[in-house]
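Sequential numbering from 1 along the given sequence is applied to the chain's residues.
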Amino acid sequence: MSVDPARKPRNETEHERLDRQLMELLQGFRVATTGVQVLFAFLLTVPFSANFDTKVSETGRALFYVSLFGAGLASICFIAPVIQHRILFRLGQKALLIRRANRFGIAGAFALGISMTAATTLVVQALSDEAAAAVATAVVAVLLCGWAWFVQPYLTRRRAEERASETEDS
């Protein structure tokens, strides 16, 4: 049985806890930002490749724009906490920055999931047919991004909160 982290003392001050939480968030953003930047850079080169105009349908163009703007939005969301930290440095706003960074991270993950799904669908559609593209969309959006990034951690969070409330009621 695991111990609820809230009940396990870390022997750290509030300031140390905020520092640790901010560093953990920023480290996660470093990992995510690298992936977003690679995808975004790839997408910026795609329209300049040979036969893009003739090989991509109107649906493909829409998918391209969704993917491009999704990657752009994800980049903004993952970079925003770093810029805000620099601007608000030494103003005692670390708790606010952590809350904002968490929200930006979730929004960035949604945007990244949409971008990756649209890019995958575009590629599969260009190389195969509509049915294969639909399967690719479902697999990437629902099974991979949806489950791994949102549903599974949400369910874990719910169970942890339920256990915590049961413990409090006892």
Side-chain angles (χ1 to χ4, degrees), residues 2 5 20-88 96-164:
S2 66
R20 177 183 50 79
Q21 288 177 343
L22 185 60
M23 290 304 107
E24 288 172 359
L25 276 167
L26 294 178
Q27 182 59 32
F29 287 165
R30 282 187 196 103
V31 172
T33 301
T34 302
V36 170
Q37 288 173 334
V38 169
L39 176 61
F40 196 43
F42 167 75
L43 290 168
L44 290 173
T45 65
V46 167
F48 302 106
S49 62
N51 300 326
F52 179 78
D53 289 337
T54 59
K55 208 165 192 185
V56 177
S57 67
E58 287 303 313
T59 303
R61 285 182 198 284
L63 288 167
F64 172 76
Y65 284 119
V66 167
S67 186
L68 179 69
F69 291 120
L73 178 60
S75 293
I76 290 167
C77 288
F78 290 136
I79 294 170
V82 176
I83 303 303
Q84 288 193 15
H85 179 256
R86 295 300 0 134
I87 292 170
L88 299 174
L96 173 68
L97 285 169
I98 291 167
R99 284 191 306 276
R100 282 184 184 169
N102 189 56
R103 290 182 187 125
F104 275 120
I106 292 168
F110 270 113
L112 178 57
I114 289 167
S115 180
M116 290 173 61
T117 301
T120 302
T121 305
L122 171 62
V123 170
V124 173
Q125 184 184 55
L127 298 175
S128 190
D129 58 22
E130 294 293 325
V135 169
T137 301
V139 168
V140 172
V142 176
L143 295 178
L144 301 178
C145 297
W147 173 258
W149 292 355
F150 301 106
V151 175
Q152 188 179 39
Y154 172 76
L155 293 174
T156 302
R157 182 183 185 102
R158 247 184 60 205
R159 282 192 298 270
E161 289 170 348
E162 287 171 3
R163 280 194 300 268

If I take atom [atom1] from residue [X] and atom [atom2] from residue [Y], how far apart are they, to the nearest 0.5 angstrom?
X      : Y      : atom1 : atom2 : value
Leu112 : Thr117 : CG    : OG1   : 9.0 Å
Leu63  : Ser57  : CG    : OG    : 7.5 Å
Ser115 : Leu73  : OG    : CG    : 9.5 Å

Can you give the donor-acceptor pairs under 3.5 Å from side chains of residues 77-85 to other protein atoms, not counting sequence neighbours?
residue : atom : partner : partner atom : Å
Gln84   : OE1  : Arg100  : NH1          : 3.1

query: So, Glu58 and Arg61, do they make that salt bridge, N to O below 4.0 Å?
result: yes
I'd like to check the ring pair (Phe, Tyr, Trp, His ring centres under 6.0 Å) partners of [X]; sequence neighbours left out, ordered by chain and number.
X      : result
Tyr65  : none
Phe110 : Phe150
Phe104 : none
Phe52  : Phe64

Donor-acceptor contacts under 3.5 Å from residues 24-42 side chains, at least two apart:
residue : atom : partner : partner atom : Å
Glu24   : OE2  : Arg20   : NH1          : 3.3
Gln27   : OE1  : Arg30   : NH1          : 2.7
Thr33   : OG1  : Phe29   : O            : 2.6
Thr34   : OG1  : Arg30   : O            : 3.0

- request: Going by the side-chain contact (heavy atoms from CB on, under 4.5 Å) test, name the single residue among Arg159, Arg157, Gln152 that passes it with Leu155.
  value: Arg159
statement: Heavy-atom closest pair (Ser49 atom, Val46 atom, distance to 0.1 Å) is OG-O, 2.7 Å
task: State, with a plain yes or no, whether a side-chain heavy atom of Ser67 is found less than 4.5 Å away from one of Thr120.
output: no
- request: Taking the side chain as every heavy atom from C-beta outward, state whether Thr137 and Val124 have any pair of such atoms under 4.5 Å apart.
  value: no
- prompt: For atom CZ of Arg86, is the number of surrounding heavy atoms from other residues, nucleotides or ligands below 6.0 Å larger than 12?
  reply: yes
